Structures are given as C-alpha cells and as structure tokens.
Amino acid sequence: MSHTIDHLGIAVKSLEHARKFYEQLGLTIASEEVVPHEKVKVAMITLGESRIELLEATSADSVVAKFLEKRGEGLHHVAIQVPDLAHAVETLKANGTRLISEEIKVGAGGHRYVFVHPSSTGGVLLELVEEQKHL
Ligand code: ZN
C-alpha cells in the first residue's frame, strides 16, 4: 500500500452543528467517540478512501480548545498513512525532526499515531497514522 491522506482534522465548536453541514451533502458519520487523553470528541466522516475528522473539545484545557480560542474553527491537522509508524518515527528522530510527543499514541478507532510539529513540515500540524491491517 502507498502513502495516502488518512484524514483531515477540523476543529469545530460544536460537532452537532458541524455534522449537519456534512450530512446535507449526503455524507454520514461513520463513528463518534471521546478520546479522553486528548480531551476531544471525534466524529469521523468517510470520504472514499479518506476521511474528515471533526474535533470538538471536551475540556477548556484541551489542545483543540486552545486552537479554537486562538484561531477559531478550521483545519487543525493533516493525517497521512505510513506503512510502518515505528520506523517512520525512528527515521524522523534520527534526522532531528521535532515531534509533538516522542511516544506513539492510540486514538479514535484504535489507530496508532504521532504528531509532527509544524516547524518541521512547512507550517502544517502533521499526524502520521499507521496503516490499519484489515484481516
Ligand atoms: Zn487526526
């Protein structure tokens, strides 16, 4: 499998409000769940091979709450799939790339991910997601 865009993360004030916009285009929310360690509620909208991830803060000290405060609603991050996340992280670290956290985390839907700091990616918060092996 090749690298693809896994999803686009969009910070919104209200999932309830945002999902209505996408639903009127005939898109459906594939899943909705709270990710406690990120203090966000996440709604995933399937778009072909890719997805849109709507993010609502569940707490005022959530990263998404701070983003909304500073910049308002909008594109928060871009997520790309890599075949081997541990290998990608090792390579980036060896090359001095700034990661948001050193550890690989587990997020919505059980996917493994890390965030790369915008200072290393041309100004975009980049999420690397390990390609899920479908059995
Ligand atoms: Zn994401």
Side-chain angles (χ1 to χ4, degrees):
M1 270 276 222
S2 55
H3 297 65
T4 58
I5 292 187
D6 187 82
H7 63 268
L8 302 175
I10 299 175
V12 299
K13 288 181 190 150
S14 159
L15 275 191
E16 217 31 61
H17 181 81
R19 66 181 288 169
K20 285 197 179 103
F21 168 77
Y22 292 97
E23 282 168 351
Q24 67 181 344
L25 294 172
L27 299 168
T28 52
I29 308 292
S31 65
E32 198 171 290
E33 72 178 277
V34 171
V35 184
H37 68 270
E38 298 284 8
K39 296 175 181 160
V40 289
K41 193 164 152 196
V42 174
M44 281 292 188
I45 300 169
T46 309
L47 276 167
E49 297 281 287
S50 190
R51 293 172 297 169
I52 286 176
E53 178 184 64
L54 300 174
L55 302 157
E56 180 191 276
T58 57
S59 158
D61 63 346
S62 141
V63 172
V64 168
K66 287 175 189 154
F67 178 90
L68 288 168
E69 210 173 276
K70 250 199 243 170
R71 308 216 220 158
E73 294 184 304
L75 185 64
H76 180 259
H77 64 271
V78 173
I80 60 175
Q81 270 181 26
V82 296
D84 182 344
L85 185 56
H87 176 74
V89 166
E90 251 173 62
T91 305
L92 292 175
K93 279 187 190 170
N95 292 330
T97 301
R98 195 167 157 201
L99 302 177
I100 300 289
S101 73
E102 300 287 300
E103 300 296 315
I104 292 173
K105 294 186 180 178
V106 178
H111 77 278
R112 286 153 46 80
Y113 69 96
V114 292
F115 280 100
V116 184
H117 196 276
S119 63
S120 294
T121 63
V124 176
L125 179 59
L126 186 73
E127 180 180 2
L128 298 179
V129 177
E130 187 155 76
E131 196 181 287
Q132 302 230 25
K133 320 263 183 295
H134 298 286
L135 302 173

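Note that ligands are numbered from 1 as they come in the structure, with each ligand's atoms numbered from 1 the same way. Keep in mind that this is a model prediction, so the values were computed, not measured.
- Between the side chain of Ser120 and the backbone N or O of Arg98, at least one donor-acceptor pair lies under 3.5 Å.
- Side chain of Glu53 to backbone of Val42: no donor-acceptor contact under 3.5 angstrom is found.
- Within 6.0 Å of the NZ atom in Lys93, the count of heavy atoms belonging to other residues, nucleotides or ligands exceeds 12.
- Judged by distance alone, the side chain of Ser62 and the main-chain N or O of Val40 form no donor-acceptor pair under 3.5 Å.
- Checked options Gln81, His111, Glu131, Glu49; the residue passing with Asp6 is Gln81 (criterion: side chain to side chain contact (heavy atoms under 4.5 Å, CB included)).
- At a cut-off of 2.8 Å, measuring from the Zn ion (ligand 1), the protein N, O or S atoms that fall short of it are His7 NE2, Glu53 OE1, His77 NE2, Glu127 OE1, waters left aside.
- Without hydrogens or angle criteria, Glu56 side chain to Leu15 main chain gives a donor-acceptor distance under 3.5 Å.
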